[in-house]
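These notes concern the structure reproduced below.
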Amino acid sequence: MATPDFIRDLRVSAGHQLLWLPGVTAVVFDDEGRVLLNRRADNRRWSLIGGIPEPGEQPAACAVREVEEETAVRCVVERVVLVQALNPVTYDNGDVCQYMDITFRCRAVGGDARVNDDESLDVGWFAVDALPDLKEFGQTRVKQALSDAPTWFDPTGCI
């Protein structure tokens, strides 16, 4: 994931200390029920499409933007699937971030899936019963997006 300019600006004064950031993930389905995935350039793994909203950008708008920027697929958001605070991540340069992920179920409405930026090595549609090796993060989100269950959240610590 490319680092947005506003985060680079923050790092000038914040150094490597923990930044709490919003993040979005899009589980995009086509009319055949297949899931859109990209093989990331940074770790070479298949993944759902995601990114960081720009300041003031609505999370759903960010999901739509990220999908089109990375895959050339146009989509609409159907619903919130999951909201979850993720564990902190320390990057190779020492920067520490922790993300609040909002995952959306989306429906493709146009465009042909292709690599559309330098964040992806490959892009493709996959049947849900024939997904490539996905980390638990992606598997959980696809499963939740396929269900009619209410939005998932971690109830521990809630009053």
Side-chain angles (χ1 to χ4, degrees), residues 1-4 7 19-54 57-154 156:
M1 171 185 334
T3 304
I7 293 175
L19 292 181
W20 174 247
L21 298 169
V24 301
T25 303
V27 183
V28 183
F29 294 102
D30 67 4
D31 290 339
E32 297 174 36
R34 299 176 301 174
V35 179
L36 180 64
L37 301 175
N38 72 332
R39 194 159 57 89
R40 296 172 53 116
D42 60 353
N43 63 17
R44 307 184 72 78
R45 292 188 60 105
W46 286 99
S47 177
L48 296 168
I49 312 305
I52 299 170
E54 294 292 330
E57 183 179 31
Q58 294 295 328
C62 175
V64 169
R65 176 181 55 77
E66 289 287 347
V67 169
E68 188 164 9
E69 283 180 0
E70 294 181 25
T71 71
V73 170
R74 292 184 312 282
C75 68
V76 294
V77 171
E78 295 182 324
R79 68 182 178 95
V80 175
V81 167
L82 176 150
V83 177
Q84 182 181 30
L86 305 178
N87 292 325
V89 176
T90 302
Y91 293 97
D92 291 341
N93 67 356
D95 288 350
V96 182
C97 296
Q98 187 170 13
Y99 298 95
M100 171 64 73
D101 178 59
I102 303 170
T103 298
F104 296 95
R105 178 189 166 106
C106 303
R107 180 175 39 86
V109 294
D112 293 319
R114 63 178 167 81
V115 173
N116 204 38
D117 67 10
D118 60 358
E119 294 183 44
S120 302
L121 299 174
D122 199 2
V123 169
W125 293 102
F126 294 87
V128 295
D129 60 353
L131 295 174
D133 182 34
L134 284 180
K135 290 185 175 183
E136 183 180 345
F137 178 94
Q139 292 174 14
T140 298
R141 281 151 177 77
V142 170
K143 181 179 176 183
Q144 186 68 19
L146 288 168
S147 80
D148 289 328
T151 300
W152 182 92
F153 63 94
D154 184 351
T156 57

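Below, each value reflects all heavy atoms present in this structure, side chains not excepted, and no hydrogens, waters or symmetry copies.
No more than 12 heavy atoms of other residues, nucleotides or ligands sit less than 6.0 Å from atom CG of D112. Atom CG of D31 is surrounded by 12 or fewer heavy atoms from other residues, nucleotides or ligands within 6.0 Å.
To the nearest 0.5 Å, atom OG1 of residue T71 and atom CD of residue E66 are 10.0 Å apart. L86 contributes atom CG, which lies 7.5 Å from atom OG1 of T25 (distance to the nearest 0.5 angstrom). Distance CZ/F137 to CG/L48: 7.0 Å, rounded to 0.5 Å. Atom CG of L121 is separated from atom CZ of R39 by 5.0 Å, given to the nearest 0.5 angstrom. Atom CG of D101 sits about 12.0 Å away from atom CG of L21, to the nearest 0.5 Å. Separating the SG atom in C106 from the CG atom in L36 is a distance of 9.5 Å, to the nearest 0.5 Å.
Across Q144 and R79, no two heavy atoms sit closer than the pair O-NH2, 3.3 Å. Considering every non-hydrogen atom in both A113 and V123, the closest pair reads CB-CG1, 3.8 Å. A63 and A26 make their closest contact through CB-CB, 4.3 Å (heavy atoms, listed as atom of the first residue, atom of the second, distance). The two atoms that bring P88 and V96 nearest to each other are CB-CG1, 4.3 Å, heavy atoms only. Taking every heavy atom of both residues into account, W125 and A108 meet most closely at CH2-CB, 3.7 Å. Annotation for V35 and F29: closest pair CG2-CE2, 3.3 Å, computed over non-hydrogen atoms.
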With salt bridge (Lys or Arg N to Asp or Glu O under 4.0 Å) as the criterion, how do R40 and D42 come out once you've worked through the C-alpha distance, each side chain's angles and the decisive distance to 0.1 Å?
CA-CA 6 Å; R40 296 172 53 116; D42 60 353; 2.5 Å; yes
Where do F104 and V27 land on the side chain to side chain contact (heavy atoms under 4.5 Å, CB included) test, with the steps shown first?
CA-CA 6 Å; F104 296 95; V27 183; over 6 Å; no
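Looking at heavy atoms from C-beta onward, D122 lies out of side-chain contact with N38 at the 4.5 angstrom threshold. Annotation: side chain of T103 is not in contact with side chain of W152 (no heavy-atom distance under 4.5 Å). Annotation: side chain of D117 is in contact with side chain of E70 (closest heavy-atom distance under 4.5 Å). Residues D95 and T3 fail the side-chain proximity criterion, which asks for heavy atoms closer than 4.5 Å. Side-chain contact between R45 and D133 is present, with heavy atoms from C-beta onward closer than 4.5 Å. Counting only heavy atoms from C-beta outward, the side chains of W20 and Q98 approach each other to under 4.5 Å. With a 4.5 Å cut-off on side-chain heavy atoms, I52 and Y99 count as touching. Looking at L146 and V128, their side chains come closer than 4.5 Å, going by heavy atoms from C-beta outward.
The backbone N or O of E68 lies less than 3.5 Å from a partner atom in the side chain of N116, making a donor-acceptor pair.
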